[in-house]
Structure formats: C-alpha cells, structure tokens
Q: 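First, the structure itself, so that you have it in front of you.
Worth saying up front: this structure is predicted, and the values here are computed from it rather than measured. Ligands are counted one by one from 1 in listed order, and the atoms in each one are counted from 1 as well.
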Amino acid sequence: MDDECYSTLIVPAIGTWPRFDSPLRLGVMASGTGTNFEALHNAITCGDLDAQIRVLVVNKAGCGAIARAERLGIRCEFKDHRLFPTREAMDEELVRTFQNEGVEAVVMAGWMRIVTPVLIDAFPGKLINIHPSLLPSFKGMDAIGQCLAAGVTIAGCTVHEVLNDVDAGPILAQAAVPILSGDNRDRLNRRIQTQEHRLLPWATALAGQRWRSATRTQG
Ligand code: GRF
C-alpha cells in the first residue's frame, strides 16, 4: 500500500465524552518530546476530556515535554532517576509528588523507564500507559523498529493498565495503522502518533468512568 488515504485502518469511534462529578485529577509522566502530554492537555482545554493535569513529572533534563509544560502553564517536576539509589526509591518520590498534588490517577505518556510495584500499588488500576504497537505484539523498547523488522503490514498503538510485567496490563483501547511501502521509523512513528493523540485522551476518559464508579462503590 502506498496511498496515504489508507493511513487509518481501524480506530475506535469517539462517542460522547463522559462528564464526572468533578474533573479527573491526573498526574502525567513523560520522558520525551511530550506530544501525548500536550494531546491530553488539548483534549481538556477544548472541553472533551473532563480532567485537570495536576502535575507533569519528567525524568530527562531538557526533554521537549518540559518546554511544553512551561508554554502550557502546567506544573512540571523534574526527577532525575540517576540520583536515586534504586528504582523503588525513585518511585517512592513519584508517589509522594502525585499525592502532594492530590492526583487520583496517573498517565504514562511516553515514560521510558520501568516502574515498580511501589508506584503501581499506590494507584491500583489507575496507572495507564501508551505503547506504540498493537499489544501483545512488540513489547518493550523500539516497538516501531521491531514492527518494521518483523515485516508486519499493520502497526498501531495501545493504551493499557500498568501491571508488574512490562507492557502487559489489561488493554483499554487500541488503534491500527497500516505500514506503507517505503516506510521508515520516522514515517511510521508519525502515523502512529496521529492515532496516539486521539486514543490517549479517549482511553483516559473511558478509564475515568471505571475509576469513578469504583470510588462510588467503595463509598
Ligand atoms: C509515544 O510514541 C508512546 O507510545 C511511547 O513513547 C512515545 C512518546 O512520544 N511510549 P511523545 O513524547 O508523547 O511525543
């Protein structure tokens, strides 16, 4: 296939965005350029996603997500993982940061580090991640490279709950995109990201319905 008009294969229809008793109080984690973080922010400001981003946490000095947070006026905290003796110690600091900001759920929007049960157990069922493949295929690093090397013709992205195993939690939403002739990492990445920016806010809204109804059930 070489026609960009086939650039969308199967993506979820976005229905009516749910409204909550009060906006979801989100923490966001990013290590990279931060386009998914900005997509969440845009979905909030245009009135689709009923949420607030209380804080963005980044672990890479100078990453694009920091500049975006400054431009968008969102509180950003840099946590240098190299300064923590263990992954758990770093995650304890993340939990403290999120709890101090009154965060109820956390979105990993391009977080390039393995997290531990310290973080996962602090937000049970309320820690979600976006991964640039159709899980369970191509887990881990360089999913797009893995996908191109495998010669598959359909790629995509997945939003899922985070469990201890990497890229393995229950799937919330997926979108498929084709791999076109002459694709390289950059072209395919751009096509996948277009879908990620649509999928992540929508999956967050869907997850939010579950988070809030669980809270009501627990009283
Ligand atoms: C996204 O492709 C996401 O799937 C992966 O990391 C990338 C982050 O991109 N986990 P950005 O920083 O949001 O632009």
Q: Measuring from Arg75:CZ to Thr97:OG1, what's the distance to the nearest 0.5 Å?
A: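 Reported value, rounded in 0.5 Å steps: 8.5 Å.
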
Q: Taking Asp142 for the side chain and Gly145 for the main chain, is one N or O donor matched with an acceptor at less than 3.5 Å?
A: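 Pair found, side chain donor or acceptor close to backbone of Gly145.
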
Q: Please work out whether any backbone atom (N, CA, C, O) or any side-chain heavy atom from C-beta onward of Met108 is under 4.0 Å from ligand 1, and answer side chain, backbone, both or neither.
A: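 For Met108, no heavy atom sits under 4.0 Å from ligand 1.
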
Q: State the atoms of ligand 1, each with its element, that fall below the 4.0 Å cut-off from a heavy-atom position in Gly32.
A: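 Within the 4.0 Å cut-off of Gly32, ligand 1 contributes 12 (O).
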
Q: Is a side-chain donor or acceptor of Arg54 paired with a backbone partner of Glu101 at a separation under 3.5 angstrom?
A: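 Yes, because the side chain of Arg54 sits within donor-acceptor range (under 3.5 Å) of the backbone of Glu101.
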
Q: Please indicate whether any nitrogen or oxygen in Gln193 is less than 3.5 Å from any nitrogen or oxygen in ligand 1.
A: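 So ligand 1 has an N or O lying under 3.5 Å from an N or O of Gln193.
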
Q: Take Lys60 and Asp80 through the salt bridge (charged side-chain N to carboxylate O under 4.0 Å, His left out) test and state the conclusion after the steps.
A: CA-CA 7 Å; Lys60 285 235 170 79; Asp80 186 346; over 6 Å; no

Q: What do you reckon, does Asn36 have a nitrogen or oxygen under 3.5 Å from a nitrogen or oxygen of ligand 1?
A: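 Asn36 vs ligand 1: N/O contact under 3.5 Å present.
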
Q: Among side-chain atoms of Glu88 and Thr116, is any donor-acceptor pair under 3.5 angstrom?
A: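 No, Thr116 and Glu88 have no side-chain donor paired with an acceptor closer than 3.5 Å.
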
Q: So is Gly34 touching ligand 1 or not, going by heavy atoms under 4.0 Å?
A: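 It does; at least one heavy atom falls under 4.0 Å.
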
Q: Among all protein heavy atoms, pick the one closest to atom 8 (C) of ligand 1 and tell me residue, atom and distance.
A: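 For atom 8 (C) of ligand 1, the nearest protein heavy atom comes out as Gly110 CA, 3.6 Å.
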
Q: Quick one: which of Asn129, Ile130, Leu172 gives a side-chain contact (heavy atoms from CB on, under 4.5 Å) with His160?
A: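 So the option named by the test is Asn129.
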
Q: Please list, in number order, the atoms of ligand 1 under 4.0 Å from a heavy atom of Met112.
A: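 With Met112 as reference, the close atoms of ligand 1 come out as 6 (O).
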
Q: Quick one: which of Leu127, Ile128, Val57 gives a side-chain contact (heavy atoms from CB on, under 4.5 Å) with Met108?
A: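 So the option named by the test is Leu127.
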
Q: Counting each atom of ligand 1 from 1 as listed, which ones have a heavy atom of Thr33 under 4.0 Å away?
A: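 Listed by number with element: 11 (P), 12 (O), 14 (O).
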
Q: Taking distance alone, with N or O pairs closer than 3.5 Å, would you say Ile130 contacts ligand 1?
A: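 Among all N and O atoms of Ile130, at least one is under 3.5 Å from an N or O of ligand 1.
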
Q: Closer than 4.0 Å to some heavy atom of Thr35 - which atoms of ligand 1 meet that?
A: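 That gives atoms 11 (P), 12 (O), 13 (O), 14 (O) of ligand 1.
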
Q: What is the closest protein heavy atom to atom 2 (O) of ligand 1, and at what distance does it sit?
A: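 So the nearest neighbour among protein heavy atoms is Glu196 OE1, 2.9 Å.
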
Q: How far does CZ of Phe20 sit from CZ of Arg25, to the nearest 0.5 angstrom?
A: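 One gets 12.0 Å once the value is rounded to the nearest 0.5 Å.
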
